[in-house]
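The figures here come from the full heavy-atom set of this structure, side chains too, leaving out hydrogens, waters and symmetry mates. Protein chains get the first letters and strands the later ones, always in sequence-line order, with residue 1 at the start of each.
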Amino acid sequence: MRFSTMLIPTLRETPSETEAVSHRLMLRAGFVRQLAAGLYIFLPLGWRVMTRINAILREEMNAIGAQEVSMPVLHPAEVWQQTGRWDTIGEEMFRLKDRTERDMCLGMTHEEIMTWLAAKELRSYRDLPQVWYQIQTKLRDEARPKSGILRTREFLMKDSYSFDASEEGLRKNYERHAEAYHRIFARCGLTFSMVESDPGMMGGAVSHEFMAPSPAGEDEVALCDSCGYAANVELAASLAEKNELREWPLEEVHTPEKRTVQEVSNFLKLHPSYFLKSILVMTDKGPVLALVRGDQELHEKKLMKIVGAHRPAQKTEVKDILGVEAGFIGPMGHKVRIIADDSLKEGVYVSGANKPHYHLRGIRAGRDFSAEWHDIHTAKAADLCVKCGSALRVERVIEIGNIFQLGIKYSNPLRAYFLDENGQEKPIIMGSYGIGPARIAAAAIEQNNDKDGIIWPKSIAPFDVEILPLNMNDPATVELASALYARMSATGLEVLLDDREERAGVKFKDADLIGIPAQVILGEKNVKEGIAEIKDRRTKETVKVKVDEVVERISASH
RNA sequence: CGGGGCGUAGCGCAGUUUGGCUAGCGCACCUGCCUUGGGAGCAGGGGGUCGGAGGUUCAAAUCCUCUCGCCCCGACCA
């Protein structure tokens, strides 16, 4: 392609109102434009990247026997009503009525429709297994679109669905997808890890997420470098870092106006890990007192699995129920249900004395209070791995893919049944597997950029090589540029020729910004001597080569 | 949905506190000259319902009311 005829609107100045590096660079380099909050136009360069990513997705999906299909984006409400998600999902689903007032929605995922099709077409164990996938637009009325193309209201997704006659078959398909996903993300040049995840609204028992480390990410994962344990902090288990055992007699300490762990910790010159933090929450069945160590945070989701939906108690409620103002609550002597984090079983602690402006030192579990024991703290860096005891790392990540073992969550309500060898009717056992191509692109930029712009991994770059004829008024330069363009294109390389009447500096800046992996630079003096330069975008290293060797060198490094 | 911020030329911004002449600057864009190894220079030029509606006033980008949009934090999130 010729630069002069392509729409590549690069920006010299950084657009304001952009936070994520990938967002800024995609705008500046002319890959995308924003139509409205969470709605993006992919310009020619951006779409080329998406096309290459999708090609990799198709190759790897086809390689595990998945079959591509195309599904409607507009869905009738009934199918979603049958699985119950029409009611459970809420405002995140775009809903509308057709001209006959029939309820419809825009697809935010395709479990329902895929399962509907399976129910209609799959009858016998002989029809199984099947794996179907699509690379299509999903729509979600996100409460808060953000970070450019990382979280949008309309986005492309590769989603596949497996249909099996047995749990064993499901596990096999799940494993195949996990392997395919490893190949896909590696081919796309990403650093990533597969972590245990919370199935959330998808339902099902087992699920994993594929996470690419980046400060622009929305999730955090806990990772153990020594045994490989890896989990989303939404569910990650960890052991509290051990502190030196202290022996105190049980005694009250005057702590005037010192309410938070931090305040009392400073006042008593004692590390927060020696404190016991008491948090009162309100549930449908009444108040619950949650206890975590002073240096830990209460994990809302873990607690929710034990006590159900809850909210923090208001200050007046704390006073009414526990008889003491917030800040001086302790675990002793209350009639409310108490859930304590496992890390408090051992050790001696300081907590509120249930008496204004006093704390109690020397509290022991079992002797001074009793509780139901659970893991209700949030894993944090330096906590210990539950499997091997090594220190954990916590990393911010972009979710680029996920895999779920759905089981019969969708096949049952949609009556996707098959007859087994014995003529028994059984629900089809399903899995679902998603990848966000735009997130791959964004993560690739997040992980591969420098002060000058994007550094595309070769596999997903919009072009393989860019030719920069520096002086378009020099006939020899122009002629050589055209010749190289033709020869490289003939070998199957995707070539961008910057044939604009621009000064050298502009072409260098734009080339670095756009981030095509290899640049062929044609300066007037070098051209006269039959020399061209090949520059590696990543290393910035430049080598001079004879004009006749350019194509060979580029092909070899590609 | 809660909290905060911002809407002035394609982009980046000043002007708004304290109302007052024809609404400005840089970049980009157009024409000409010149230049061609890291976003050149000179000269000339085009482009604005100051997000929108209503109000106050002799006079509104500026003050008041309402409204729309975008960004950030939080809640939410297959």
**Student:** Would you kindly give the CG-to-P distance between A:Leu11 and B:C13, to the nearest whole Å?
**Tutor:**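 A:Leu11 atom CG is separated from B:C13 atom P by 12 Å.
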**Student:** Hydrogens and angles aside, do A:Gln130 and A:Gln67 bring a side-chain donor and acceptor to less than 3.5 Å of each other?
**Tutor:**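 Side chains of A:Gln130 and A:Gln67: pair found under 3.5 Å.
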**Student:** Are any protein N/O atoms closer than 3.5 Å to N/O atoms in nucleotides 46-48 of chain B? If there are, list each pair with its distance.
**Tutor:**
none

**Student:** Does A:Trp116 have A:Arg415 sitting over its ring (NZ/CZ under 6.0 Å from centre, angle to axis within 45°)?
**Tutor:**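 Not satisfied by the 6.0 Å and 45° rule.
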**Student:** Name the pairing partner of B:G26, where a pair is Watson-Crick or G-U wobble with both distances under 3.5 Å, or state none.
**Tutor:**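 By the stated definition (distances under 3.5 Å), B:C11 pairs with B:G26.
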**Student:** Return the value, rounded to whole Å, for the distance between atom CG of A:Asp141 and atom P of B:A75.
**Tutor:**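 These atoms are roughly 19 Å apart.
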**Student:** C1' atom, B:C73 versus B:U16: distance in rounded Å?
**Tutor:**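 Pairwise C1' distance, B:C73 against B:U16, rounds to 27 Å.
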**Student:** Using the P atom in both, what is the distance from B:U57 to B:C64, to the nearest Å?
**Tutor:** 16 Å
**Student:** Distance only, no hydrogens: is a donor on one side chain within 3.5 Å (strictly under) of an acceptor on the other, for A:Glu446 and A:Ser22?
**Tutor:** yes
**Student:** Does B:C50 have a Watson-Crick or wobble partner in any strand here, with both distances under 3.5 angstrom, and which is it?
**Tutor:** none
**Student:** Contact class for A:Gly523 vs. all strands (heavy atom < 4.0 Å): base, sugar-phosphate, or nothing?
**Tutor:**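 Base, at least one base heavy atom under 4.0 Å.
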**Student:** Across the strands shown, which category fits A:Glu533 at heavy-atom distances under 4.0 angstrom: base, sugar-phosphate, nothing?
**Tutor:** base
**Student:** Which one, B:C71, B:G39, B:G37, comes nearest to the side chain of A:Leu513?
**Tutor:**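 From the listed options, B:G39 comes nearest.
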**Student:** Can you measure A:Lys509 atom NZ to B:A28 atom C1' for me and round it to whole angstrom units?
**Tutor:** 17 Å
**Student:** Whether the A:Glu234 and A:His299 side chains hold a donor-acceptor pair (N or O, under 3.5 Å, no angle test) is what I'd like checked.
**Tutor:**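 Note: A:Glu234 and A:His299 side chains miss the donor-acceptor criterion.
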**Student:** Starting from P on B:A40, measure out to CG on A:Asn471 and report it in whole angstrom.
**Tutor:** 15 Å
**Student:** Does a donor on one side chain and an acceptor on the other come within less than 3.5 Å for A:Trp80 and A:Glu78?
**Tutor:**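 There is no such pair (donor and acceptor under 3.5 Å, judged by atom type) between the side chains of A:Trp80 and A:Glu78.
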**Student:** Roughly how many Å apart are B:U67 and B:C1, using the P atom of each and rounding to a whole number?
**Tutor:**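 Taking atom P in both B:C1 and B:U67, they lie 13 Å apart.
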**Student:** Answer with yes or no whether A:Arg28 presents, from its side chain, a donor or acceptor under 3.5 Å of a partner atom in the base of B:G39.
**Tutor:** yes
**Student:** Hey, does the side-chain of A:Lys535 have a donor or acceptor N/O within less than 3.5 Å of a partner on the base of B:G38?
**Tutor:**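 Looking at the base of B:G38, it does pair with a donor or acceptor on the side chain of A:Lys535 (distance under 3.5 Å).
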**Student:** Find which nucleotide of RNA chain B each of A:Glu13 and A:Glu501 is nearest to by heavy atoms, and output the residue with the more 5' nucleotide.
**Tutor:**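 Between the two, 5'-proximity favours A:Glu13.
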**Student:** Could you work out the separation of B:G3 and B:G48 based on their C1' atoms and round it to a whole Å?
**Tutor:**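 So the two C1' atoms sit 34 Å from each other.
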**Student:** Only pairs with both distances under 3.5 Å count, Watson-Crick or wobble alike; so what is the partner of B:U17 in this structure?
**Tutor:** none
**Student:** When you compare the side chains of A:Asn232 and A:Glu209, does any donor N or O come within less than 3.5 Å of an acceptor on the partner?
**Tutor:** yes
**Student:** With a 4.0 Å cut-off on N to O distance, would you call A:Glu60 and A:Arg183 a salt bridge?
**Tutor:**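 Yes, A:Glu60 and A:Arg183 are salt-bridged.
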**Student:** Paired with B:U56: which nucleotide, if any, by Watson-Crick or G-U wobble criteria at under 3.5 Å for both distances?
**Tutor:** none
**Student:** In whole Å, measure the gap between the P atoms of B:U8 and B:A14 for me.
**Tutor:**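 B:U8 and B:A14 have their P atoms separated by 11 Å.
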**Student:** Send over the distance from A:Asp498 CG to B:G39 P, rounded to a whole Å.
**Tutor:**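 Answer to the nearest Å: 15 Å.
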**Student:** Which nucleotide, if any, forms a Watson-Crick or G-U wobble pair with B:C1, using both distances under 3.5 Å?
**Tutor:**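 The base-pairing partner of B:C1, which may sit in any strand shown, is B:G74.
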**Student:** If the P atom of B:G32 is compared with that of B:G38, how far apart are they to the nearest Å?
**Tutor:** 26 Å
**Student:** Looking for any heavy atom pair under 4.0 Å, which part of the strands does A:Met472 touch: base, sugar-phosphate only, or nothing?
**Tutor:**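 If one applies the 4.0 Å heavy-atom cut-off, A:Met472 turns out to touch nothing in the nucleic acid.
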**Student:** Within the structure shown, what part of the strands sits under 4.0 Å from A:Tyr433 by heavy-atom distance: base, sugar-phosphate, or nothing?
**Tutor:**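 It contacts nothing in the nucleic acid.
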**Student:** With A:Asp512 as reference, evaluate A:Lys507, A:Arg538, A:Lys535 under the salt bridge (charged side-chain N to carboxylate O under 4.0 Å, His left out) test and give the passing residue.
**Tutor:**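 That would be A:Lys535.
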**Student:** For nucleotides B:U35 and B:G45, find the distance between their P atoms and express it as a whole number of Å.
**Tutor:** 24 Å
**Student:** With sugar-phosphate meaning primed atoms plus P, OP1 and OP2, does A:Ala143 contact a base, only sugar-phosphate, or nothing at under 4.0 Å between heavy atoms?
**Tutor:**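 Touches a base.
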**Student:** At 4.0 Å (heavy atoms only), tell me whether A:Asp512 reaches a base, stays on the sugar-phosphate, or touches nothing.
**Tutor:** base
**Student:** Let me know the distance between NE2 of A:His23 and P of B:C11, rounded to the nearest Å.
**Tutor:** 13 Å
**Student:** Could you check whether A:Ser147 gets within reach of a base, just the sugar-phosphate, or nothing at all, counting any heavy atom under 4.0 Å?
**Tutor:** sugar-phosphate
**Student:** Say you pick atom P in B:U62 and the same atom in B:G37; how far apart are they, in whole Å?
**Tutor:** 50 Å
**Student:** Return the 5'-most residue of the pair A:Ala504, A:Pro15 with respect to RNA chain B, ranking by each residue's nearest nucleotide.
**Tutor:**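 That would be A:Pro15.
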**Student:** Check if the side chain of A:Asp510 and the base of B:G39 share a donor-acceptor pair of N or O atoms closer than 3.5 Å.
**Tutor:** yes
**Student:** Select base, sugar-phosphate, or nothing to describe what A:Thr18 touches, counting heavy atoms under 4.0 Å on all strands.
**Tutor:** nothing
**Student:** Does the side chain of A:Lys138 reach to within under 4.5 Å of the side chain of A:Leu106, using non-hydrogen atoms?
**Tutor:** no
**Student:** Could you tell me whether A:Arg85 and A:Glu112 make a salt bridge, using a distance below 4.0 angstrom between a side-chain N and a carboxylate O?
**Tutor:** yes
**Student:** Would A:Ser432 and A:Glu111 count as having a side-chain donor-acceptor pair, cut-off 3.5 Å?
**Tutor:**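 The criterion, which ignores hydrogens and geometry beyond distance, is satisfied for A:Glu111 and A:Ser432.
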**Student:** Respond yes when some side-chain nitrogen or oxygen of A:Arg503 is under 4.0 Å from OP1 or OP2 of B:U35, and no when none is.
**Tutor:**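 It does not, given that no N or O in the side chain of A:Arg503 lies less than 4.0 Å from OP1 or OP2 of B:U35.
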**Student:** Can you tell me the distance, in whole Å, between the CZ atom of A:Arg144 and the P atom of B:G2?
**Tutor:**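 A:Arg144 atom CZ is separated from B:G2 atom P by 15 Å.
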**Student:** Base, sugar-phosphate, or nothing for A:Asn526, non-hydrogen atoms under 4.0 angstrom?
**Tutor:** base
**Student:** B:C11 C1' sits how many Å from A:Arg24 CZ, rounded?
**Tutor:** 15 Å
**Student:** Under 4.0 Å from OP1 or OP2 of B:G39: is there any side-chain N or O of A:Arg12 that close?
**Tutor:**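 The answer is no; no side-chain N or O of A:Arg12 sits under 4.0 Å from OP1 or OP2.
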**Student:** So, under a plain 3.5 Å distance rule, would you say the side chain of A:Glu502 forms a donor-acceptor pair with the base of B:G38?
**Tutor:**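 A donor-acceptor contact between them is absent.
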